[in-house]
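Report on one structure; see the data block that follows.
Proteins come first, then strands; the chains are lettered A, B, ... in the order of their sequence lines, and each starts at number 1.
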Amino acid sequence: MTPAEALPDFAEAVLDIVDQIPAGMVLAYGDVAELLGHGGPRQVGSVMSRYGSSVTWWRVTRASGEAPQGLQDEALALWRMEGTALVGGALGGRRVDMARARWDGEAGLGRPQ
DNA sequence: AGCTTGACCGACC
DNA sequence: TGGTCGGCCAAGC
């Protein structure tokens, strides 16, 4: 087959989790690493920078709720589109309200308040 | 074998 | 509320 398509197991696991995050909710890099039970935030970020474009990358933010540098405008538009809770209101806010939009890791819960 | 880099995190001031 | 510092973990040179 095409060895060029080979994806590291760690990267595959990261993308799999990201793909499970419900719309309107987010997960921090560190959260993803913790759910995997292996690696760290930097490794997750590294994977996202390389393969993130193939998944719902905007649902992965920094622990502070901010989007990665260079993609803040894109992420903000997507957050508003999904109705993600933002600090300071949906209009003025430029970062995610982690207290409300942080995903617990349990699919089916959804419904941020 | 050692240093630098990276879509990070938490503590501290 | 916001800026700085040190710590972490893996990959690349």
Side-chain angles (χ1 to χ4, degrees):
Chain A
M1 321 293 142
T2 55
E5 290 293 334
L7 203 62
D9 290 340
F10 180 72
E12 194 177 331
V14 169
L15 298 179
D16 184 57
I17 286 184
V18 173
D19 200 52
Q20 293 177 51
I21 305 175
M25 304 208 78
V26 300
L27 223 51
Y29 294 94
D31 294 336
V32 176
E34 223 169 293
L35 286 175
L36 286 175
H38 156 41
R42 311 211 62 139
Q43 276 51 29
V44 174
S46 191
V47 170
M48 290 303 287
S49 78
R50 186 166 170 77
Y51 309 103
S53 59
S54 63
V55 293
T56 55
W57 59 267
W58 60 91
R59 292 177 190 162
V60 181
T61 73
R62 293 192 174 195
S64 59
E66 296 172 289
Q69 182 71 35
L71 293 175
Q72 298 191 333
D73 293 330
E74 299 287 45
L76 184 56
L78 289 162
W79 291 337
R80 286 174 173 163
M81 182 171 69
E82 293 187 344
T84 306
L86 302 181
V87 174
L91 296 184
R94 59 186 193 294
R95 71 184 184 201
V96 176
D97 186 340
M98 296 305 277
R100 290 197 292 168
R102 196 181 201 181
W103 184 41
D104 324 60
E106 295 187 37
L109 184 47
R111 263 312 146 202
Q113 190 180 354

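A salt bridge (charged side-chain N to carboxylate O under 4.0 Å, His left out) check over residues 45-73 of chain A, counting only residues at least two apart or in different chains, returns the pairs A:Arg59-A:Glu82. For residues 17-28 of chain A, no pair satisfies salt bridge (charged side-chain N to carboxylate O under 4.0 Å, His left out), with sequence neighbours left out. Counting only residues at least two apart or on different chains, no ring pair (Phe, Tyr, Trp, His ring centres under 6.0 Å) pair has a member in residues 76-101 of chain A.
Across the C1' atoms, B:dG6 and C:dC8 are found 12 Å apart, a figure rounded to whole Å. Here the separation of C:dG7 from B:dA7, taken at their P atoms, is 22 Å to the nearest Å.
One interatomic measurement links the two molecules: CD of A:Glu66 to C1' of C:dG3, which rounds to 12 Å at whole-angstrom precision.
Bracketed by its first and final contacts, the part of DNA chain B lying under 4.0 Å from non-hydrogen atoms of chain A reaches from B:dG6 to B:dG10 in 5' to 3' order.
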Could you tabulate the donor-acceptor pairs under 3.5 Å formed by side-chain atoms of residues 27-46 of chain A, not counting sequence neighbours?
from: A:Asp31; atom 1: OD1; to: A:Arg102; atom 2: NH2; distance (Å): 2.5
from: A:Asp31; atom 1: OD2; to: A:Ala28; atom 2: N; distance (Å): 3.0
from: A:Asp31; atom 1: OD2; to: A:Arg102; atom 2: NE; distance (Å): 2.9
from: A:Asp31; atom 1: OD2; to: A:Arg102; atom 2: NH2; distance (Å): 3.1

Would you mind writing out the side-chain donor-acceptor pairs for residues 8-18 of chain A within the sub-3.5 Å range, not counting sequence neighbours?
from: A:Asp16; atom 1: OD2; to: A:Gln20; atom 2: NE2; distance (Å): 3.0

Using nucleotides 8-12 of chain C, report all nitrogen or oxygen pairs with the protein that are shorter than 3.5 Å.
from: C:dC9; atom 1: O2; to: A:Gln43; atom 2: OE1; distance (Å): 3.2
from: C:dC9; atom 1: O2; to: A:Gln43; atom 2: NE2; distance (Å): 2.5
from: C:dA10; atom 1: O4'; to: A:Gln43; atom 2: NE2; distance (Å): 2.3

Does A:Val96 form a side chain to side chain contact (heavy atoms under 4.5 Å, CB included) with A:Leu86? I'd like the steps, not just the answer. CA-CA 4 Å; A:Val96 176; A:Leu86 302 181; 4.1 Å; yes
Could you go through the side chain to side chain contact (heavy atoms under 4.5 Å, CB included) check for A:Leu78 and A:Trp57 one step at a time? CA-CA 10 Å; A:Leu78 289 162; A:Trp57 59 267; 3.8 Å; yes
Walk me through it: do A:Arg95 and A:Thr61 pass the test side chain to side chain contact (heavy atoms under 4.5 Å, CB included)? CA-CA 9 Å; A:Arg95 71 184 184 201; A:Thr61 73; over 6 Å; no
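Pairing analysis of DNA chain B (Watson-Crick: purine N1 to pyrimidine N3 plus N6-O4 or O6-N4; G-U wobble: N1-O2 and O6-N3; both under 3.5 Å) yields stems of 3 or more pairs at B:2-6 with C:9-13, B:8-13 with C:2-7.
The hydrophobic clustering, which links ILVMFWY residues whose side-chain heavy atoms are closer than 4.5 Å, places A:Val87 and A:Met25 apart.
With sequence neighbours excluded, no residue forms a side-chain contact (heavy atoms from CB on, under 4.5 Å) with A:Arg94.
Taking every heavy atom of both residues into account, A:Ala101 and A:Thr84 meet most closely at CB-CG2, 4.0 Å.
Sorted by residue number, the list of members of residues 67-77 of chain A with any non-hydrogen atom under 4.0 Å from DNA chain C is empty.
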